[in-house]
Amino acid sequence: MKQLNAGLIGYKFMGKTHSNAYRQVNHFFSDSAKINLTAICGRNKSAVKKSMDTFGFSSFETNYKELIKRDDIDFIDIATPSNAHLEIALMAADYKKHIFCEKPLGMNRREGKQMLDAAIKNKIVHQVGFNYRFAPAIRLAKKMIDDGKLGTIYHFRGLYLQDWIVDPNFPLVWRLDKNICGSGANGDINAHIIDLARYLVGEFHDVMGMTKTFIKERPIVEEMTGLTATSNSSGKKGKVTVDDASIFMTHFKNGALGTFEATRFATGNKNNMSFEINGSLGSIRFAFERMNELEYFNNEEDKQLQGFRTISVTEGSHDFIHAWWPPGHVIGYEHTFTHEFSEFAQSIINKKPAIPDFYDGYMCNVILDSVEQSVSERTWITIE
Ligand code: SOE
């Protein structure tokens, strides 16, 4: 079996999901390469050492440049906040390391383009972390649309609803600082439904949006773990520099209409990523919190028997499920990451492009920037 040596940069929420994914690829995907947990990298020596032990890496680095220079590393996995993506990716591409990068790819379209160009120039495999594409229900939705089961697509209605910052005293974490993350709910969670809409429906023609920052100042952060955080005891506050909610409309190039709502203020919603797609022959509905199901309405059935039916996607013929448990034995959030790293590893060993790649990351950056431009100019922006 071919082997790939991973160099993971970042050891928090995404570092944890990625390193777990490497192990699960090794356990369950025999058609993939074996991913060795070769080195993990982070600036805080004691924290990165602890992660090395917990996740099971063989070594650690505190400087990403040293990691990239190592001969024993085949790919660089960028699981850092967004403001570090560009410089790491440019150096890794120069050193001909394959790159996996978390979303959003760049802080803006200019950075996304630089990363895409560097990856193409250096002929490396590049993939962006749109993990929801790897839920079996999404693959089934894609197949149904491609097979014409929904007919002409009229609507994509996407929601990404969270509530983890609804408390005004929730501290000013890096995800609320424009200099570190680029944008708020727009780049963090709209990015996912934009990517799914491009995957399932097609390219966007134009966008028109509105954004809002409900809480403009928050206590200075002491520490963040996952999506929870503690405030600094000084009582000082700092400015929130990103959107709390971002809502927009699009005309797809194929004539369908799309609406997108991403917010961190949808009280009661934890990670409610959902959408409905309506076509001339039927509709589908998906909600991530019930990720093992896809709802389907067939407009061609006998009218008296019509209604949305729930398809269980754990049935063995759906993508990726062959590697897991018998039907009805559900899978979860972490499996989407395992599937994306199986794709990445297979792309490297089979020398084929990975999907979604930096082009998809770049296009998402273009759409995100266009939403922001439309908000500031209060007009429709054409996607170039
Ligand atoms: C926080 O909003 C977050 O962890 C995102 O960064 C992820 O991309 C999303 O999948 C879940 O929520």
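Read the numbers this way: they start at 1 and go in the same order the structure lists the ligands and their atoms. Just so we're clear, the structure is a prediction, and the values are computed from it rather than from any experiment.
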Seminar exercise, completed: Which of Asp188, Asp163, Asn269, Asp243 passes side chain to side chain donor-acceptor pair (under 3.5 Å) with Arg264? Answer is Asp188
For this session: Report the nearest protein non-hydrogen atom to atom 11 (C) of ligand 1: residue, atom name, distance rounded to 0.1 Å.
Result: Tyr160 OH, 3.3 Å
For this session: Report the nearest protein non-hydrogen atom to atom 4 (O) of ligand 1: residue, atom name, distance rounded to 0.1 Å.
Result: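 Answer, as residue, atom name and distance: Phe13 CE2, 3.1 Å.
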Exercise. Nearest non-hydrogen atom to atom 12 (O) of ligand 1 belongs to which of Lys270, Glu102, Gln162?
Worked result: Gln162
Problem set entry | Option whose closest heavy atom lies nearest to atom 5 (C) of ligand 1, chosen from Asp188, Asn271, Thr17 | Asp188
Problem set entry | Qualifying residue, where the test is ring-ring contact (aromatic ring centres under 6.0 Å, His included) with Phe100 and the options are His18, His85, His126 |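 Testing Phe100 for a ring-ring contact (aromatic ring centres under 6.0 Å, His included) against His18, His85, His126 leaves exactly one candidate, His18.
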Exercise. Is Lys178 salt-bridged to Glu372, cutoff N-O under 4.0 Å?
Worked result: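 So Lys178 pairs with Glu372 through a salt bridge.
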For this session: Compute the shortest N/O to N/O distance between Lys103 and ligand 1 and return yes if it is under 3.5 Å, no if not.
Result: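 For ligand 1, there is an N or O atom that lies under 3.5 Å from one belonging to Lys103.
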Exercise. Is the closest N or O pair between His192 and ligand 1 shorter than 3.5 Å?
Worked result: yes
Taking only heavy atoms of [X] into account, list the atoms of ligand 1 that are under 4.0 Å away from them.
X	value
Tyr132	9 (C), 10 (O), 11 (C)
Trp164	2 (O)
Ile189	2 (O)

Exercise. How does Leu227 reach ligand 1, by side chain, by backbone, by both or by neither, if only non-hydrogen atoms under 4.0 Å count?
Worked result: side chain
Exercise. Nearest 0.5 Å, what's the CD-CE distance between Glu203 and Met363?
Worked result: 4.5 Å
Problem set entry | Distance (rounded to the nearest 0.5 Å) between Leu105 CG and Asp360 CG | 10.0 Å
For this session: State whether the side chain of His155 and the backbone N or O of Asn278 hold a donor-acceptor pair below 3.5 Å, judged by distance alone.
Result: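 No; judged by distance alone, with no hydrogens or angles, the pair does not exist.
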Exercise. Within 45° of the six-membered ring axis of Phe308 and under 6.0 Å from that ring's centre, is NZ or CZ of Arg285 located there?
Worked result: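 Verdict for Phe308: a cation-pi partner in Arg285.
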Exercise. Looking at Asn271, Leu196, Ile194, Thr263, which one forms a side chain to side chain contact (heavy atoms under 4.5 Å, CB included) with Tyr160?
Worked result: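 In the set Asn271, Leu196, Ile194, Thr263, the residue that makes a side chain to side chain contact (heavy atoms under 4.5 Å, CB included) with Tyr160 is Asn271.
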Exercise. Are Arg175 and ligand 1 in contact, using a heavy-atom cut-off of under 4.0 Å?
Worked result: yes
